[in-house]
Q: 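First, the structure itself, so that you have it in front of you.
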Amino acid sequence: MNTAQSNTASQSDFIREIIDDDLKTGKHEGRIATRFPPEPNGYIHIGHAKSVCLNFGIAARYGGTCNLRLDDTDPSGESLEYVDSIKDNIHWLGFDWGDRLFFASDYFERLYQFACELIKMGKAYVCSLNADEIREYRGNFTEPGKESPYRSRSIEENLELFTRMRAGEFEDGAHVLRAKIDMSSPNIVMRDPVIYRIKREPHYRTGAKWVIYPMYDFAHCLSDALEGITHSICTLEFENNRPLYDWIVEQLIESHRPQQIEFARLNLSYTVLSKRMLIELVEEGYVKGWDDPRMPTVAGMRRRGYTPRAIRNFCAVIGVAKNENLVDISVLEHCVREDLNETAPRAMAVLKPLRVVIDNYPEGKSEEFECANHPQKPEMGMRTVPFSRILYIEQDDFQENPPGKYKRLAPGQEVRLRNSYVIRYESIVKDQKSGEIVEVHCTYDAETRNGPPPDGRKIKGVIHWVSAAHAIPAEIRIYDRLFRVPDPAGESGDFKDYLNPDSLEVLSPCYLEPSFKDAVPGNAYQFERLGYFCADSGDFLPDRPVFNRIVALRESWVKNS
RNA sequence: UGGGGCGUCGUCAAGCGGUAAGACACAGGAUUUUGGUUCCUGCAUUCGGAGGUUCGAAUCCUCCCGCCCCAGCCA
């Protein structure tokens with residue numbers, strides 16, 4: 001059993017404890033029903049993934065159900081593109097709602113009827129104050145609100161007006177429907193909240209059929225009730241709305257009332273998880289789209305090469321609680337490495353090439369090495385890697401004046417070429433003008449082909465390489481954190497001022513060992529000593545390979561002075 | 001300021017009156033043809049603070065302090 005599964009199975013948190021108690025007391029006759037309710041006005045991100053894992057995870061754990069419900073009660077900004085992306089992303093994460101796909105917009109008629117019922121009970125009224133007036137009448141934290149002059153309209157008048165609102169007889173903002181609760185409630189949410197507004201905007205699903213739309217507070221709880229949800233899990237900022245949730249449900253629902261439970265949303269360091277900010281990054285071109293590999297969106301992480309299992313495990317590892325949190329991105333990266341270490345085949349690639357000539361290796365000769373695809377997993381097989389007189393190594397793997405504990409190639413030094421021979425430094429060739437090192441000359445020790453030097457001398461360094469004559473040129477995109485500061489949303493001023501200018505570095509040409517001729521877009525590999533990379537699912541072409549760096553390997557060696 | 005929440009290691013997070021789990025990060029060391037992996041070891045005498053109850057308190061009580069959310073016809 002892998003870590004992700006075992007973690008998920010044994011997971012416990014205050015919500016599961018509540019459910020355990022409910023099960024004990026027979027609260028919902030042993031039935032557990034959750035839902036994941038995104039609004040289709042953007043792509044889902046890692047924060048949503050936490051909620052997806054929670055809601056679907058609970059359903060799975062208790063043999064319950066989890067609905068996917070698109071909470072599409074405000075037509076502005078909503079679209080089918082977002083619906084499709086959300087469905088696709090949830091499936092990719094590894095969850096399935098089966099036939100339990102719902103739309104709040106499918107409930108518009110029933111919600112309308114519920115609103116009429118509320119009016120008939122004398123618990124809702126049409127208010128004709130404008131938006132500014134409603135705000136004024138609402139009062140503030142210290143002063144109670146004032147009752148709207150329209151609060152005492154008769155049921156008949158309310159019904160007639162509401163009917164005419166639906167019929168489209170009024171302009172936007174002319175009237176709203178309000179719940180009649182308590183204008184002096186210390187909880188501002190309860191001061192006669194607006195539950196319907198006029199909005200002459202076509203809806204991506206219902207078209208022009210409706211010109212009035214229910215507000216979240218009215219639609220959400222009733223949608224939950226309509227679907228038989230038992231535990232309606234949402235984030236902390238809705239705590240203030242819970243009394244209203246309960247109030248509406250109590251007025252209109254006889255039995256099987258859903259219960260709202262709030263948990264702390266995820267915050268991740270060095271990125272933003274606010275839909276508004278994410279939209280801004282996409283629309284203003286700071287990134288290349290919702291699936292830009294730097295984005296914390298599910299689509300972005302997918303393209304970057306993060307795996308569903310890594311993301312699920314991350315969600316399990318960070319836990320569910322009510323504390324405001326800022327989870328360090330290193331936890332996510334750890335989960336990604338943990339998964340990829342198990343599954344990614346190893347191979348060699350050189351990002352910043354430096355030519356190496358093996359002086360004592362015959363020109364025109366080449367040979368092949370059988371290399372393991374995974375050092376600890378023989379079942380992952382072998383591949384052949386060609387060797388010849390001219391190679392590329394990493395520029396970082398040679399230094400003319402190396403620091404203290406440098407274990408790579410340097411004057412007077414020997415180094416192991418990974419899976420191949422030990423070579424010894426002989427000389428360098430520099431560019432006359434720039435002084436830049438253009439070529440390193442070495443000699444190889446033919447006796448080190450299959451093992452350590454027979455004379456017993458120790459070789460401490462191992463570096464990766466690619467045979468120049470056989471190399472596949474490629475473009476490699478190195479991604480770094482999107483922001484320079486841990487909490488860009490919490491900084492003063494424009495969050496975009498904190499963008500990391502070096503979040504993308506494009507390297508080309510890089511050289512890959514020839515086994516990459518079979519690389520499959522979307523597949524992840526470990527470029528030994530460098531990190532995990534995946535063939536880009538968007539731009540990869542057989543004759544122009546493009547790879548993304550998913551995450552670097554852990555680096556315990558720090559270059560000091 | 002009224003209301004609603006939350007304060008346990010640098011960051012997450014267990015703990016539910018019996019004497020501070022775990023993860024990430026960090027620091028050492030071992031093994032290693034990846035400075036990777038793996039494996040050891042260290043890392044909160046103390047739980048926002050102060051009082052109190054108790055044989056015993058992170059857990060119960062009181063007061064105080066700090067942070068977050070709410071004044072959209074967004075969700």
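Throughout, protein chains are lettered first and strands after them, A, B, ... in sequence-line order, and every chain is numbered starting at 1.
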Q: Under 3.5 Å, is there a donor-acceptor pair between the Thr297(A) and His45(A) side chains?
A: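 The answer is no; no qualifying pair exists.
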Q: Provide, to the nearest angstrom, the distance between the CZ atom belonging to Arg554(A) and the C1' atom belonging to rA25(B).
A: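 About 9 Å, once rounded to whole Å.
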Q: Can you check the His374(A) NE2 to rG36(B) P distance for me, whole Å?
A: 14 Å
Q: Atom CZ of Arg138(A) and atom P of rU1(B): how far apart are they, to the nearest Å?
A: 22 Å
Q: Between Phe114(A) and Phe218(A), is the ring centroid distance below 6.0 Å?
A: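 No, too far apart.
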Q: Please report, rounded to the nearest Å, how far the C1' atom of rG35(B) is from the CD atom of Glu555(A).
A: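 Going from CD in Glu555(A) over to C1' in rG35(B) covers 6 Å.
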Q: Look at the rings of Phe387(A) and Tyr444(A) and say which category their plane angle falls in: under 30° parallel, 30 to 60° tilted, over 60° perpendicular.
A: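 Rings of Phe387(A) and Tyr444(A): tilted, 30 to 60°.
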Q: Hey, is the side chain of Lys460(A) poking within less than 4.0 Å of OP1 or OP2 on rU32(B), counting only N and O atoms?
A: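 Answer is no, no contact under 4.0 Å.
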Q: The side chain of Ile188(A) lies closest to which of these nucleotides: rG35(B), rG2(B), rC74(B)?
A: rG2(B)
Q: Whole angstroms only, please: what is the CD1-P distance between Ile18(A) and rC16(B)?
A: 17 Å
Q: Can you see if the side chain of Asn323(A) gets near the phosphate of rG7(B) - specifically, an N or O under 4.0 Å from OP1 or OP2?
A: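 For rG7(B), OP1/OP2 do have a side-chain N/O of Asn323(A) under 4.0 Å.
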Q: Using the ring of Tyr112(A) (Phe, Tyr or Trp, six-membered ring only), decide whether Arg166(A) places NZ or CZ under 6.0 Å from its centre and within 45 degrees of its axis.
A: yes
Q: Taking the nucleotide of RNA chain B with the nearest heavy atom to each, does Asn187(A) or Leu332(A) sit closer to the 5' end?
A: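 Counting from the 5' end, the first nearest nucleotide belongs to Asn187(A).
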Q: Check whether any side-chain N or O of Arg337(A) sits under 4.0 Å from OP1 or OP2 of rU37(B), and answer yes or no.
A: no
Q: Does the structure show a Watson-Crick or G-U wobble partner for rG66(B), both distances under 3.5 Å? Name it, or say none.
A: rC6(B)
Q: In whole Å, what is the span from the CZ atom of Phe263(A) to the C1' atom of rC6(B)?
A: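 After rounding, the gap between these two atoms is 16 Å.
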Q: Can you tell me how far CD of Glu262(A) sits from CD of Glu237(A), rounded to the nearest 0.5 angstrom?
A: 9.5 Å
Q: Tyr421(A) has an atom OH; how far is it from atom P of rU33(B), in whole Å?
A: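 Rounded to whole Å, this separation is 19 Å.
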Q: Is the aromatic ring of Tyr216(A) within stacking range of rC74(B), meaning centres under 5.5 angstrom and planes under 30 degrees?
A: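 Given the distance and angle limits, no, they do not stack.
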Q: Expressed as a whole number of angstroms, how long is the span from Gln11(A):CD to rC12(B):P?
A: 18 Å
Q: Under 4.0 Å from OP1 or OP2 of rG35(B): is there any side-chain N or O of Arg529(A) that close?
A: yes
